Amino acid sequence: MNALPELQELLQKPNSSSLLRDERKASIIPSQGISKEKNHDSNEDIGQKDVVSLIIGDYGRWQLMMTFLLSLFSFPCTFHIYLPTFTVKATKFWCRRPENLSSLPLEHWINYSQPVDACSVRVLPDGITAESIMNNTAPILESFVRCNEWDYDRSEVGDTIISEWDLVCDRATLTNLAEVVFLIGVGIGGVLGGWISDKFGRKKILIGMMLAQSLLAIVSLLMQSYLQYVLVRLVMGLVSVSVVYAAFVLSVELVGGAWVTIAGVCNFFPLPLAYIIVSLLSMVLPNWRDLQLALSLPGCFLLVLWFVLPESPRWLLSVGRTQEAKMVLEKASKFNKKDNIADIDKLLTLNKSEIRTEEPSVLMLFKGYLLKRTFCLFIIWFSMTIAYYGLLLNIGKFNLGNLHITSIILAAVEIPAIALSIPILFKAGRRIPIFVSMVVCGLACVASEVFSISFEDNWIIISCLMLGKFAIASTNIMMPIFTAELYPTIIRNLGVGASQISSGLALICIPYLWELAKLNEHLPMVTIAALSAAGGAIVLLLPDTIKSKEPKRSANSSCNGTFTVTDDRGQ
């Protein structure tokens with residue numbers, strides 16, 4: 001087979017071995033920068049390419065197919081994360097009518113028996129009838145007892161978690177418990193899943209957690225008590241975030257050059273589509289068990305992708321599994337019609353200097369230059385999550401109307417936000433777009449509160465909220481890419497997963513954020529605005545990975561050169 005001209009020329013040079021060894025800093029994951037040089041035949045340009053891109057190219061038919069398949073894993077995960085919007089929807093409820101008053105119109109029953117709230121009911125005198133209540137001749141006793149049975153308004157949603165286990169009145173605080181526990185699982189899963197993925201591989205954690213998620217989703221349908229349901233949601237949170245980020249990291253590690261950004265952004269397109277699917281299915285299947293069953297089945301079909309998806313060749317090279325990487329690269333190069341590449345064995349042999357001598361650990365996130373990045377990212381992710389989910393989960397408070405329509409509108413807003421993120425990331429880098437989007441979100445939240453005081457037209461306020469949602473949705477797309485680029489290959493999944501600790505803490509705060517309205521009705525939105533702006537400011541303390549000019553670190557770096565040299569974006 002004939003080698004590519006530039007590769008053949010490089011390998012024929014007497015000092016080619018030392019040259020390639022000196023190019024260790026060219027990384028296993030390529031730089032995000034888009035080269036403006038026209039002379040691609042130069043040895044300098046070849047040295048800037050990592051060995052994977054040299055063999056299979058930055059992007060081809062193989063990467064297109066694999067990144068598309070990996071994006072499908074976002075659907076079942078988003079289904080289960082967004083499901084509580086409908087399955088834990090709080091609706092109007094009232095103390096159940098006794099059988100002898102079943103013919104009494106509901107409005108009359110509520111006015112007569114529950115003048116204060118539905119948690120206590122008036123003691124009914126003997127011989128009372130529906131007719132006497134309707135014509136206002138029924139005696140009125142000022143004695144009340146605690147209600148033990150309720151009926152629920154099912155006009156918008158059907159049976160929910162609340163209606164099944166009567167999570168109202170003194171049990172109302174349990175409504176948020178399942179989701180708080182779920183989000184605790186997200187925080188734990190972000191770190192645990194990332195560590196397992198960095199240690200044992202992206203593919204294993206992806207398919208293994210997908211299997212666990214599918215089983216848990218089906219098991220939750222059999223739960224007969226609220227406690228059982230809560231425990232299942234805890235583990236569900238842990239595995240769901242592991243699936244999302246394992247698929248994301250694997251996607252960006254299969255491509256090179258400018259395509260890393262495109263693959264990373266495109267991995268988020270299923271999110272708004274999943275929101276729309278959940279909303280539409282909820283209209284057809286209003287009962288929570290039926291809806292959960294319908295949304296659990298797609299994940300089961302994804303398990304067959306075990307036989308199709310590859311392990312990340314860049315991860316395999318970073319851990320010294322060269323032969324396995326070679327098998328993946330040979331299949332990919334053949335699929336991309338690049339099987340005329342010669343000397344793959346020689347290239348991979350020369351690349352063995354990249355093998356790490358230290359196993360990935362959480363402590364690596366807090367060593368050397370990564371210490372500053374980890375703490376900054378912790379604050380940014382907390383702020384972004386508060387803003388994104390604060391608006392997403394509480395938009396119904398602004399009287400947009402039907403929950404399903406509101407959900408679809410919010411999902412539609414994210415589609416152009418995702419699409420525009422690609423050219424923005426290429427033209428403006430990472431730092432400035434994230435800074436601008438978070439500040440715009442903060443200003444939009446403040447404007448919505450100012451206009452709510454000055455204007456009575458709700459659509460002016462809604463327009464501000466949509467602008468804020470659009471801006472923070474863009475941040476939500478760009479931050480995972482930026483985070484992944486700031487960490488080297490060996491701990492990339494761990495670093496991305498660790499960010500979910502602060503994200504999980506923020507999500508736990510979301511249900512209680514609106515309790516601030518008891519102090520001042522504008523305080524929740526002002527808090528979101530302040531955190532969003534503060535998070536944007538912190539972004540400016542980080543390097544812009546698309547055009548980072550930081551010097552490469554040697555093996556004597558305080559962060560341990562065994563992994564810092566594996567990725568120039570992690571420098």
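Quantities reported herein were computed from a predicted structural model and do not represent experimental measurements.
- You'll find the side chain of Leu540 reaches within 4.5 Å of the side chain of Ile432, heavy atoms only.
- In this structure the side chain of Leu316 never reaches within 4.5 angstrom of the side chain of Thr322, judged on heavy atoms.
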query: Going through the checks in order, is the side chain to side chain contact (heavy atoms under 4.5 Å, CB included) test met by Val260 and Asp58?
result: CA-CA 9 Å; Val260 176; Asp58 289 338; over 6 Å; no
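- Around atom CZ of Phe375, no more than 12 heavy atoms belonging to other residues, nucleotides or ligands sit under 6.0 Å away.
- A donor-acceptor contact shorter than 3.5 Å is absent between the side chain of Lys427 and the backbone of Ile422.
- Inter-residue side-chain proximity for Thr67 and Tyr59 is flagged as met; some heavy-atom pair is nearer than 4.5 Å.
- In this structure, the side chains of Pro272 and Ile418 come closer than 4.5 Å at one or more pairs of heavy atoms.
- The shortest non-hydrogen separation linking Leu72 to Pro76 is O-CD, 3.3 Å.
- Contact between Pro310 and Leu250 at its shortest, heavy atoms only, is O-CD2, 3.8 Å.
- Rounding to the nearest 0.5 Å gives a distance of 6.5 Å between CD1 of Ile56 and CG of Asn336.
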- request: Please report the C-alpha distance between Ser437 and Ser474 in whole Å, then the side-chain angles of each, then the deciding distance to 0.1 Å, and finally whether the side-chain hydrogen bond (donor to acceptor under 3.5 Å, both in side chains) criterion is met.
  value: CA-CA 7 Å; Ser437 62; Ser474 298; over 6 Å; no
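- In this structure, the side chains of Lys469 and Cys464 stay at 4.5 Å or more apart for every pair of heavy atoms.
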- prompt: Would Leu309 and Leu206 count as a side chain to side chain contact (heavy atoms under 4.5 Å, CB included) if you check the C-alpha gap in whole Å, the side-chain angles of each, and the deciding distance to 0.1 Å?
  reply: CA-CA 10 Å; Leu309 294 174; Leu206 174 63; 4.0 Å; yes
field: Ser71/Asn267 under side-chain hydrogen bond (donor to acceptor under 3.5 Å, both in side chains): CA gap, chis, key distance, verdict
entry: CA-CA 5 Å; Ser71 70; Asn267 198 62; 5.3 Å; no
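- Side-chain contact between Phe182 and Ile81 is present, with at least one heavy-atom pair separated by less than 4.5 Å.
- Ile379 contributes atom CD1, which lies 4.5 Å from atom CD1 of Ile538 (distance to the nearest 0.5 angstrom).
- Taking CD1 of Ile424 as the start and CZ of Arg430 as the end, the distance is 12.0 Å to the nearest 0.5 Å.
- When every heavy atom of Asp544 is checked against every heavy atom of Ala428, the shortest pair comes out as OD2-O, 4.0 Å.
- Using cut-offs of 30° and 60° for the angle between ring planes, the Phe248 and Phe268 rings count as tilted.
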field: Arg314 vs Ser53, side-chain hydrogen bond (donor to acceptor under 3.5 Å, both in side chains): CA-CA, chis, key distance, verdict
entry: CA-CA 10 Å; Arg314 291 180 167 100; Ser53 291; 3.1 Å; yes
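- Taking OG from Ser251 and CD from Gln63, the interatomic distance works out to 11.5 Å, rounded to the nearest 0.5 Å.
- Salt bridge Arg202/Glu253: present, at least one basic N to carboxylate O contact under 4.0 Å.
- Under the 4.5 Å side-chain criterion, counting only non-hydrogen atoms from C-beta, Leu211 is in contact with Leu215.
- Using modelled atom types, one side-chain atom of Thr85 and one backbone atom of Tyr82 make a donor-acceptor pair closer than 3.5 Å.
- Counting heavy atoms of neighbouring residues, nucleotides and ligands inside a 6.0 Å radius, atom NZ of Lys203 exceeds 12 of them.
- Phe382 approaches Leu531 most closely through the heavy-atom pair CE2-CD1, 4.3 Å.
- The cationic group of Lys331 does not satisfy the cation-pi geometry with Trp62, failing either the under 6.0 Å distance to the six-membered ring centre or the 45° limit from the ring axis.
- Of all non-hydrogen atoms in Val232 and Leu216, the two that sit nearest each other are CG1-O, 3.7 Å.
- A salt bridge does not link Glu311 with Arg321: every distance from a Lys NZ or Arg NE/NH1/NH2 to an Asp or Glu carboxylate oxygen is 4.0 Å or more.
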task: Test Met384 against Ser532 for side chain to side chain contact (heavy atoms under 4.5 Å, CB included), laying out the working first.
output: CA-CA 6 Å; Met384 183 199 71; Ser532 183; over 6 Å; no
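- Atom SG of Cys509 sits about 5.0 Å away from atom CD1 of Ile386, to the nearest 0.5 Å.
- Counting heavy atoms from C-beta outward, Thr483 and Trp381 have side chains that approach closer than 4.5 Å.
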message: Would Met525 and Val446 count as a side chain to side chain contact (heavy atoms under 4.5 Å, CB included) here? Give the steps.
response: CA-CA 7 Å; Met525 290 297 288; Val446 171; over 6 Å; no
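- Taking all atoms of both residues into account, the shortest heavy-atom contact from Leu391 to Gly468 is CD1-C, 4.0 Å.
- We find the CD1-CG distance between Ile415 and Leu273 to be 5.5 Å, quoted to the nearest 0.5 Å.
- At distances below 3.5 Å, not a single donor-acceptor pair connects side-chain atoms of Ser242 with backbone N or O atoms of Met209.
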